[in-house]
Number of protein chains: 2
Amino acid sequence: MHRFLWISAHPDPQSLTASLRRDAVKHLADGGHEVVESDLYAMGWDPVLSDADLGPVEPGPLVARQKAATLGGTLSEDIRIEQDKLRAADTVMLQFPLWWYGVPAIMKGWFDRVLTSGFAFWLRDPATGRVRKYGDGGLVGRRVLTVVAAGDRETALGARGISGHVEDVLWPVLHGTVHYTGMEPLRPHLIASSDRVDGTSYDAERARLVARLDGLDGESPIPFRTLASGEYDEQSRLRDEHSPDRTGLAIHRTTTSPT
Amino acid sequence: MHRFLWISAHPDPQSLTASLRRDAVKHLADGGHEVVESDLYAMGWDPVLSDADLGPVEPGPLVARQKAATLGGTLSEDIRIEQDKLRAADTVMLQFPLWWYGVPAIMKGWFDRVLTSGFAFWLRDPATGRVRKYGDGGLVGRRVLTVVAAGDRETALGARGISGHVEDVLWPVLHGTVHYTGMEPLRPHLIASSDRVDGTSYDAERARLVARLDGLDGESPIPFRTLASGEYDEQSRLRDEHSPDRTGLAIHRTTTSPT
């Protein structure tokens, strides 16, 4: 039994994204899993981080004020509710249509506002005094599956596709957000050519997503290198002995990239 | 003389981002350039794309409804104002603090809502019938400079840095948005360790940005491959003879990547 937090972002309740979410959530619940939803459009989620998030805190850099509000319990209520949902979950779903090769603004603003300093990041290991990030952080113990509907055909988001491999396109989410805060990113579930999914192919897409969910326990996360491994130097650069003479995002994995 | 559109996104008018914008805009205006601003927080920009953007249009997929609203003139007024600013500009500045390795939600929502289908993309070349994208599109003739303030030190965003090279991190913006719509992305102007910029180092950062702006005419854009070049096959994959046997984002450049 898993405790899912299913976060989704699509304005249209008749969309492919919304239909797949409804069917998949029902499947999970029928299977005995706990599923909590954050349907950001339906909730009217406010994505704009502002001083109103923080309550009364001392002036200073934003990241410091955000930490003070987090530790002082003055974050606005909508943020605290989402943080509680995240605390309770062991599996986080991020489901969205790919807009401008990233998440819709309403979901980006969920990251910006909910993943606060002092909650998700900017925490120190009391033993070493080091900042916990990239494989460690406030959200350890959770796995994350991205479910991405893209207008591009699958090959365009493949290893030599013009749009970039989907795992490189989503680097800011998979590595810069999920891995950064200590969560484990699974390989994205890509629904390509999403504008062409019709009644017939919908059934196949639903079956493919459900099969993916049923097999999650057997999956390994993307093997991003961790900061704690010591593979990076004091200037945050990958040491020469790892992936020597190479550059590019693939060097930050412990095994050869599929891209 | 250039016509600048300076788009910026920071909630704090006392921030490094806001201070640099004010000083740089003044410098440009003093130099005889035209500068129009979109200070997204100050404008109270709504970043959430919704049906309210579109006016009365026929049901259908979002991208088709958005195109109908664009061509039919029923887009909401705040969107039309921004599109007019973009039409009038030859140089677009995108200035933002790097949040979760991307643009703040308020700026992502400017992309989501302003760069509509039928305006920025989903246009066909009447001669060939092909979709104009990746080096061509509705926004040709404009250059884009990103000005990015990041808490990371510079080496963390360098060629072997743990966060990924800044040009790879910003791939969804530089390639997936700017290049996709036919605009020309310049190399990002990175202000690293931005939390440590103080009174003294601020003067140096201001001078570095002003020098960058003064030298823009002599710069070449990032040499991303174009769709029209024929270097991609019918499945949108880079043909075998280009960057053979390689993968990763760097293969999509016509010259060796600096990353």
Side-chain angles (χ1 to χ4, degrees), chain A residues 11-12 15 41 47-51 61-63 97 99-113 115 134 151-153 155-156 158-165 168-169 171-173 175-177 180 195 225 227 232 235-238 243 246-252 257 259, chain B residues 11-12 15 41 47-51 61-63 97 99-113 115 134 151-153 155-156 158-165 168-169 171-173 175-177 180 195 225 227 232 235-238 243 246-252 257 259:
Chain A
D12 182 358
S15 62
Y41 270 94
V48 180
L49 186 159
S50 74
D51 282 354
L62 186 56
V63 71
W99 287 355
W100 296 112
Y101 295 97
V103 300
I106 201 170
M107 183 174 278
K108 180 54 168 58
W110 192 93
F111 301 161
D112 290 349
R113 296 185 64 223
L115 305 180
Y134 289 124
D152 272 344
R153 66 185 94 193
T155 46
R160 287 173 58 87
I162 191 168
S163 300
H165 190 280
D168 290 339
V169 170
W171 172 264
V173 177
H175 187 272
T177 308
Y180 188 93
D195 294 335
R225 298 181 193 276
L227 185 61
Y232 295 90
Q235 300 297 315
S236 306
R237 287 173 303 217
L238 188 60
S243 304
R246 290 175 52 213
T247 59
L249 301 179
I251 67 174
H252 300 290
S257 162
T259 68
Chain B
D12 182 357
S15 62
Y41 270 93
V48 180
L49 187 158
S50 75
D51 282 354
L62 186 57
V63 70
W99 289 354
W100 297 113
Y101 295 95
V103 300
I106 202 170
M107 183 174 277
K108 180 55 166 58
W110 192 93
F111 300 161
D112 290 349
R113 296 185 63 223
L115 305 181
Y134 288 125
D152 272 344
R153 65 186 96 193
T155 45
R160 288 174 57 88
I162 190 169
S163 300
H165 190 280
D168 291 339
V169 170
W171 171 265
V173 176
H175 188 271
T177 307
Y180 189 93
D195 294 336
R225 298 181 192 277
L227 184 60
Y232 294 91
Q235 301 296 314
S236 306
R237 287 174 303 218
L238 188 61
S243 304
R246 291 176 52 213
T247 58
L249 300 179
I251 67 174
H252 300 289
S257 161
T259 68

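Below, chains carry the letters A, B, ... as their sequence lines are ordered, and counting in each starts from 1.
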- If you tally heavy-atom pairs under 4.5 Å between each of Thr177(A), Ile162(A), Leu227(A) and chain B, the highest tally belongs to Ile162(A)
- Where does Leu238(A) contact chain B at under 4.5 Å (heavy atoms): side chain, backbone, both or neither? both
- Quick one: what part of Trp100(A) sits under 4.5 Å from any heavy atom of chain B, side chain, backbone, both or neither? both
- Query: Side chain, backbone, both or neither: which part of Pro11(A) has an atom under 4.5 Å from a heavy atom of chain B?
  - Reply: side chain
- Whether Arg160(B) side chain and Arg246(A) backbone form a donor-acceptor pair below 3.5 Å: yes
- Val173(A) versus chain B, the contacting section by heavy-atom distance below 4.5 Å: neither
- Considering only heavy atoms, which portion of Trp171(B) lies under 4.5 Å from any heavy atom of chain A: side chain, backbone, both, or neither? side chain
- Select one option (side chain, backbone, both, neither) describing which atoms of Leu49(A) are under 4.5 Å from chain B's heavy atoms. both
- So, for Ala156(A) and Ser236(B), which heavy atoms are closest and what is the spacing to 0.1 Å? CB-CB, 3.7 Å
- Given that the side chain runs from C-beta out, which part of Tyr180(B) has a heavy atom under 4.5 Å from chain A: side chain, backbone, both or neither? side chain
- Item | Atom pair CG/NE2 of Asp168(B) and His175(A) - distance to nearest 0.5 Å | 12.0 Å
- Quick one: what part of Leu62(B) sits under 4.5 Å from any heavy atom of chain A, side chain, backbone, both or neither? side chain
- Partners meeting salt bridge (Lys or Arg N to Asp or Glu O under 4.0 Å) with Asp51(B) (sequence neighbours left out): Arg65(B)
- Could you tell me which of Ser50(B), Gly151(B), Pro104(B), Gly109(B) has the largest number of non-hydrogen atom pairs under 4.5 Å with chain A? Pro104(B)
- Query: Say you draw a straight line from CH2 of Trp99(A) to NZ of Lys108(B); how long is it, rounded to the nearest 0.5 Å?
  - Reply: 7.5 Å
- Message: Is it true that Ser163(B) and Tyr134(A) share a donor-acceptor pair across their side chains at a distance under 3.5 Å?
- Response: yes
- Message: To check you understand the geometry: which heavy-atom pair defines the closest contact between Pro47(B) and Pro47(A), and what is its length?
- Response: CG-CG, 3.7 Å
- Query: Where does Asp12(B) contact chain A at under 4.5 Å (heavy atoms): side chain, backbone, both or neither?
  - Reply: side chain
- Message: Within the structure provided, determine whether Leu249(B) and Leu249(A) are in side-chain contact (heavy-atom separation under 4.5 Å).
- Response: yes
